[in-house]
Amino acid sequence: MNTTTTKKYGDRIFRAITLLFALSILIILLVMTVEMVSESLPSLRKFGWGFITGSDWDAVHGSFAALPYLYGSVVSSILAILLATPLSVGTALFITELAPHKVGAVTASLVELLAAIPSVIYGLWGILVMTPWLQSTVEPFMIEHFGFLPFFRGAPYGVSMLAAVCILMIMIVPIITSITKEVLMAVPSSQKEAAIALGATRWEMIRIAVLPYGRSGILGAVILGLGRAIGETMAVTMVIGNTPQISLSLLSPAYTMPSVIANEFAETTTKLHASALMEIGLILLVVTLIINFMARMLLWSVTRKWKGGVA
Amino acid sequence: MTLRSITVRRASNLTATLLMGAATILVLLPLVIIFYHIIKMGISSINLGFFTNIPQPPGEAGGGMANGIAGSAIMIGMASLAGLPVGIFGAVYLTEYGTGRLSSAIRFCADILSGIPSIITGMVAYSLLVVPLKGFSALAGSFALSLIMVPIVLRTTEEQLKMVPATLREASLALGVPLWRTSIKVTLRSALTGIITGVLLAIARVAGETAPLLFTALGNQFWSRKLTEPMAALPLQIFNFAISPYEDWHRLAWAGALVLVVLMFGLSLAARWLGRTKHF
């Protein structure tokens, strides 16, 4: 039998150990940030703001500026989000409001499957199946019919900003869909029943009762998807063409922040080169921290509100 | 609101319904296409040799990804050894003692941490382990993977622990069992299947991770003999072979993708199956 003292000590030790493990989350986050900042310092000191306004990336002459990578990341992620959001919300609505229970459940698990496919497999499919198809079919079509627009000018390379946008869209749709689904399922059924009882059609019920209730949650899901898109590395690296240029045309190759890190970090020749890549990583970290912070605040406020709310 | 005729309302209802259905089909279509290609291209290169040989130079037939599969298994194993206890017992703290602000902060940070791009985890592991140890190593790769596992496991375990009825724990405490034994023998044990589900999902997630291994484990064309050497990993090989210009290597990459997908779905099916049988 335990005496009171060993019992007390056992509990104290247990509490201390579990506390330490729980704190490890904060420690990891802190160490990551400190490490990224300190490793970026040489580059931060040398280039200052010029790092994000210039576009000269030259490892031989030791001059680094990251605008093309920033541009590539921002444009590819935003376009992917714009395309993915309506598809995701539509699918989430289909799962929660439209489909019979079983169909909805099957659709939901298929979406989960899509979300579980590793990035490198999307990349493999992207580079060996999708980009050849884009090059032979889609891009020539776009050049022929929409070539008067600056967005569809140039030669069909296959690997391009367009390819990155497509693969990113495919990859973030399941994430936004499954979170939106959770948000929509939390809408109190009394709200929906009230709308139906007043004679609303299903679509009116969705518009009046479901979407307004889920608005901030859906926004949270979309922002979370944006964070995923900006940080996505492997698939984008494999299809975007890895050319640091700023071009309006979606058909020309581009480059993103995670891609340049993936391609160059293992083979840096100078300390400054490594530090410049670290600074790109730092920008990426800060951006994704802010994005995830906003998204989680939105999602948390939604779930909290509903836990004690109506119904 | 002006009254609209019922025909218009019905028409817009129908349009919306069709659009939702179309969106769902568009979303699921890539799944079908990608799976079709993985199976079609991958199945022909899967044979015994694939699991026992290391990659051949381009131009030579045969070759496999044995070193990549073994490397992935070793690094995932080591990452689990380090990451799972931290995640699981961290979650115990949150459920047993976690009412204050600190616990909310930990939960919140865990959610944020799992949203940070894994390539950054790789960079941090590089500067914490690769630089001091003066070389790419399996150790650094495992470390990066374990960092990714911790927040995932912590959050899923906590969800499971929260579902254990308070009465079970109270009964144990009332019998004079100290809290730490109650935690281990009653709370954790009752939630065991749920926790294993979470663990399997976390393993499935890191099994496909490529970016954090790029400059930690680096990859290896041959077998590694030591944990302080660069080590091959299945996703890394898929990446390197996919971007190579050689047909032979593309075939290996597809086969590797098939193995990886089968493995991941095996894991998530197992997780689902376990998750279905609830203890209470």
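Values in this document were obtained by computation on a predicted structure and should not be read as measured data. Chain letters run A, B, ... following the sequence lines, proteins first, then strands; residues in each count from 1. What's counted below: heavy atoms across the whole structure, side chains too, no hydrogens, waters or symmetry copies.
With a 4.5 angstrom heavy-atom cutoff, A/Ile170 touches chain B only via side-chain atoms. Contact of A/Met278 with chain B is made through backbone and side chain together, with heavy-atom distances under 4.5 Å. Contact of A/Thr201 with chain B is made through backbone and side chain together, with heavy-atom distances under 4.5 Å.
A/Leu98 has its side chain out of reach of B/Thr24: every pair of non-hydrogen atoms, C-beta onward, lies at least 4.5 Å apart. No side-chain heavy atom of B/Ile38 sits less than 4.5 Å from a side-chain heavy atom of A/Leu124. In this structure, the side chains of B/Asp111 and A/Leu299 stay at 4.5 Å or more apart for every pair of heavy atoms. Looking at B/Asn13 and A/Glu204, their side chains never come closer than 4.5 Å, going by heavy atoms from C-beta outward. For the pair B/Thr17/A/Trp203, no side-chain contact is recorded, criterion being any heavy-atom separation below 4.5 Å from C-beta on.
Using cut-offs of 30° and 60° for the angle between ring planes, the A/Phe14 and B/Phe89 rings count as perpendicular. Ring geometry for A/Trp125 versus B/His37: interplanar angle of 30 to 60°, hence tilted.
Atom CD1 of A/Ile117 sits about 10.0 Å away from atom CG of B/Leu260, to the nearest 0.5 Å. The distance from atom CG of A/Leu83 to atom CG of B/Leu26, rounded to the nearest 0.5 Å, is 11.0 Å. Going from atom CG of A/Leu113 over to atom CD1 of B/Ile34 covers 11.5 Å, rounded to the nearest 0.5 Å. With rounding to the nearest 0.5 angstrom, the CG atom of B/Leu28 is 8.5 Å from the CZ atom of A/Phe94. A distance of 4.5 Å separates CE of A/Met234 from CG of B/Leu214, quoted to the nearest 0.5 Å. A distance of 11.5 Å separates SG of B/Cys109 from CG of A/Asn292, quoted to the nearest 0.5 Å.
Nearest heavy-atom pair, B/Pro117 versus A/Gly231, reported as atom, atom and distance to 0.1 Å: CG-CA, 3.5 Å. Across every non-hydrogen atom of A/Val120 and B/Ile238, the tightest pair is CG2-CG2, 4.2 Å. The minimum heavy-atom distance linking B/Ala242 with A/Leu128 is given by the pair O-CD2, 4.2 Å. Closest non-hydrogen pair, A/Met36 versus B/Met123, comes out as CE-SD, 3.8 Å.
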After noting the C-alpha distance and the side-chain angles of B/Phe215 and A/Ile261, does the key distance pass the side-chain contact (heavy atoms from CB on, under 4.5 Å) rule?
CA-CA 10 Å; B/Phe215 19 82; A/Ile261 298 172; 3.8 Å; yes
